[in-house]
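Index from 1, following the sequence.
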Amino acid sequence: MDRFSWSNGLLEINETLVIQQRGIRLYDGDDKAKLDAGVALLSTHRLIWRDVKNNECCIAMPLSQIIFFEEQAAGIGKSAKIIIHLHATPANKEPGPYQHSKYSFIKLSFKEHGQIEFHRRLTEEMTQKRWESTPASQPIPTGTGSQTGRTRAVGIVGIERKIEEKRKETDKNISEAFEDLSKLMVKAKEMVELSRSIANKIKDKQGNITEDETIQFKSYLLSMGIADPVTRETHGSGTHYHMQLAKQLGDMLQVPLEERGGMMALTEVYCLVNRARGMELLSPEDLVNACKVFESLKLPLRLRLFDSGVMVVQLQSHSEEEMISSALDNVSDKGSLTAEEFAKLLGLSVLLSKERLLLAEKMGHLCRDDSVEGLRFYPNLF
């Protein structure tokens with residue numbers, strides 16, 4: 001035990017904590033020491049023991065003092081131990097809890113188990129001997145009385161130095177992040193100009209642009225997003241903002257609605273619009289308010305609310321009679337249909353397919369069979 005010196009327990013620069021274990025009792029050779037309830041910390045340079053009841057009581061020993069070590073199995077009423085054999089006490093050793101000892105070994109008693117992992121990590125450190133390749137930049141903090149004040153100052157300086165290094169690393173990361181953001185903004189401007197150029201070509205039909213190329217260009221535009229999205233910053237708030245937003249939605253949703261049979265669920269519209277707007281995301285409330293003014297602006301779109309509460313956006317040309325007729329024709333051809341089967345036939349979502357069937361039922365053209373197999377619609381023959 002006379003190889004241990006008083007310590008403040010702080011790790012020095014270049015020193016790394018390897019493992020710590022609670023419930024460790026120290027033995028001076030075969031004799032129990034008064035240090036009976038503590039935490040053992042194994043670092044790359046030292047073996048440290050700290051009292052759990054008194055944090056001021058902390059001792060440390062360099063790993064270079066260890067000759068070899070061995071395990072002692074647990075017995076009846078006895079905990080497992082690691083026996084550590086030590087070199088002779090160096091002449092320049094700092095003061096510690098023991099000035100002299102008749103033993104050349106110590107024991108670590110593991111009251112809360114963990115001896116297997118601790119033994120494995122200690123073996124690794126004694127094999128690698130990292131304290132030789134990366135010596136600590138400060139002396140091991142030990143001492144009592146006035147010496148304690150000096151070593152604590154050294155520990156604080158080490159902490160402050162680590163904090164300063166961390167701050168510099170953070171500043172560097174932030175600077176690099178803003179550089180990447182600037183590059184992204186430059187690229188975004190190029191993409192906006194490209195989308196405007198393609199849009200003008202489609203609009204004016206200049207050059208040798210075929211119908212297939214036009215469809216492909218429109219697909220690219222949708223993937224790249226809206227060049228100038230309507231925002232509250234550019235168009236204010238309130239009614240004027242919702243009117244301008246409705247006009248932009250009218251231009252954007254025309255083609256997707258035609259491709260989807262003239263009707264889309266409002267949730268699907270919300271996802272499609274926000275995908276195209278990029279960073280300028282639209283709230284659900286603003287989308288609903290913009291859709292409500294479609295009719296007053298005489299746009300070719302309409303917001304519709306079904307009896308079930310489902311809201312959809314549909315083309316003005318998409319008549320209710322056509323939906324009922326389509327549902328009746330398909331059900332008559334197949335004999336009976338579920339919403340899932342009807343959705344596959346039309347290429348629509350199950351939600352919209354069910355609403356069409358329910359509408360045809362409401363008008364008296366279909367009837368239902370609601371069984372354990374699900375909801376199935378039949379032609380109404382009565």
Side-chain angles (χ1 to χ4, degrees), residues 1-30 33 35-52 55 57-74 79-98 101 103-143 151 154-155 157-159 161-162 165-166:
M1 285 296 297
D2 56 356
R3 277 71 161 179
F4 280 97
S5 302
W6 293 113
S7 170
N8 59 15
L10 297 176
L11 297 178
E12 301 296 341
I13 298 175
N14 296 332
E15 184 180 17
T16 304
L17 179 64
V18 177
I19 189 175
Q20 64 178 6
Q21 176 62 46
R22 297 180 61 87
I24 302 298
R25 180 170 192 168
L26 294 181
Y27 280 70
D28 180 23
D30 293 322
L35 311 172
D36 63 346
V39 179
L41 299 95
L42 176 65
S43 75
T44 53
H45 294 67
R46 295 177 294 167
L47 176 63
I48 306 171
W49 185 91
R50 179 185 290 113
D51 196 313
V52 294
N55 290 329
C57 181
C58 184
I59 57 177
M61 177 186 67
L63 296 183
S64 57
Q65 280 287 304
I66 299 176
I67 302 175
F68 71 95
F69 51 92
E70 54 188 331
E71 288 185 280
Q72 182 176 320
S79 58
K81 298 178 179 64
I82 294 180
I83 303 175
I84 302 177
H85 298 266
L86 306 171
H87 289 291
T89 305
N92 60 345
K93 188 190 79 69
E94 298 285 351
Y98 283 71
S101 175
Y103 297 104
S104 61
F105 65 94
I106 62 170
K107 294 181 181 180
L108 304 181
S109 176
F110 292 79
K111 297 180 180 180
E112 300 180 11
H113 306 289
Q115 72 279 2
I116 296 177
E117 181 65 14
F118 198 93
H119 183 274
R120 185 181 70 83
R121 304 301 284 273
L122 180 58
T123 303
E124 291 177 355
E125 292 306 316
M126 293 303 298
T127 303
Q128 297 176 15
K129 296 184 178 181
R130 287 192 281 180
W131 68 84
E132 295 179 352
S133 58
T134 56
S137 60
Q138 298 289 345
I140 297 174
T142 57
T151 55
V154 170
V157 170
I159 293 174
R161 190 174 302 170
K162 288 183 179 180
E165 291 175 355
K166 188 68 176 178

Side chain to side chain contact (heavy atoms under 4.5 Å, CB included) between Glu125 and Arg130, intermediate numbers included: CA-CA 7 Å; Glu125 292 306 316; Arg130 287 192 281 180; 2.6 Å; yes
List the steps, then state whether side chain to side chain contact (heavy atoms under 4.5 Å, CB included) holds for Phe4 with Ile106. CA-CA 10 Å; Phe4 280 97; Ile106 62 170; 3.6 Å; yes
Passes salt bridge (Lys or Arg N to Asp or Glu O under 4.0 Å), Arg121 versus Glu117? Steps please. CA-CA 6 Å; Arg121 304 301 284 273; Glu117 181 65 14; 3.3 Å; yes
Check the pair Phe69, Thr123 against side chain to side chain contact (heavy atoms under 4.5 Å, CB included), reporting the backbone distance first and the verdict last. CA-CA 9 Å; Phe69 51 92; Thr123 303; 3.5 Å; yes
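Remark: Leu63 CG to Glu132 CD distance equals 10.5 Å, nearest 0.5 Å. Note that OG of Ser104 and NE2 of His87 are 11.0 Å apart. Values are rounded to the nearest 0.5 Å. Between the CG atom in Leu47 and the CG atom in Leu122 there is a gap of 7.5 Å [rounded to 0.5 Å]. For the atom pair CG (Asn8) and CZ (Arg50), the distance works out to 8.5 Å, reported to the nearest 0.5 Å. To the nearest 0.5 Å, the span separating NZ on Lys81 from CD1 on Ile24 amounts to 11.0 Å. With rounding to the nearest 0.5 angstrom, the CZ atom of Phe68 is 9.0 Å from the CD1 atom of Ile83.
Residues Trp49 and Leu26 have side chains in contact (heavy-atom distance under 4.5 Å, counting atoms from C-beta outward). Using a 4.5 Å heavy-atom cutoff, the side chains of Met126 and Ile66 are in contact. Side-chain contact between Ile84 and Arg3 is absent, with no heavy atoms from C-beta onward closer than 4.5 Å. Side-chain contact between Arg120 and Ile116 is absent, with no heavy atoms from C-beta onward closer than 4.5 Å. Looking at heavy atoms from C-beta onward, Ser5 lies in side-chain contact with Lys93 at the 4.5 angstrom threshold. Taking the side chain as every heavy atom from C-beta outward, Pro97 and Trp6 approach each other to under 4.5 Å. At a threshold of 4.5 Å between non-hydrogen side-chain atoms, the residues Gln21 and Glu112 count as touching. In this structure, Cys58 and Ile48 have side chains that are in contact, with non-hydrogen atoms separated by less than 4.5 Å.
Glu15 places a side-chain N or O within donor-acceptor distance of the main-chain N or O of Glu12, the cut-off being under 3.5 Å. With Lys111 contributing its side chain and Ser109 its backbone, the two residues share no donor-acceptor pair below 3.5 Å. Judged by distance alone, with hydrogens and angles left aside, the side-chain atoms of Asp2 form a donor-acceptor pair with the main-chain N or O of Ser101 at under 3.5 Å.
Applying the side-chain hydrogen bond (donor to acceptor under 3.5 Å, both in side chains) definition to pairs two or more places apart or across chains, those involving residues 57-72 are Glu70-His85.
In this view, Tyr103 and Phe105 satisfy the ring pair (Phe, Tyr, Trp, His ring centres under 6.0 Å) rule, not counting sequence neighbours. Annotation: side chain to side chain donor-acceptor pair (under 3.5 Å) contacts of Lys107 (sequence neighbours excluded): Asp30.
Considering all non-hydrogen atoms of both residues, Ser7 and Arg46 come closest at OG-NH1, 3.6 Å. Scanning all heavy atoms of the two residues, the minimum distance from Leu11 to Ser43 falls at CD2-CB, 4.1 Å.
For the residue pair Thr16 and Thr44, no side-chain donor N or O sits within less than 3.5 Å of a side-chain acceptor on the partner.
Side-chain rings of Phe118 and Phe110 approach one another, their centers coming within less than 6.0 Å.
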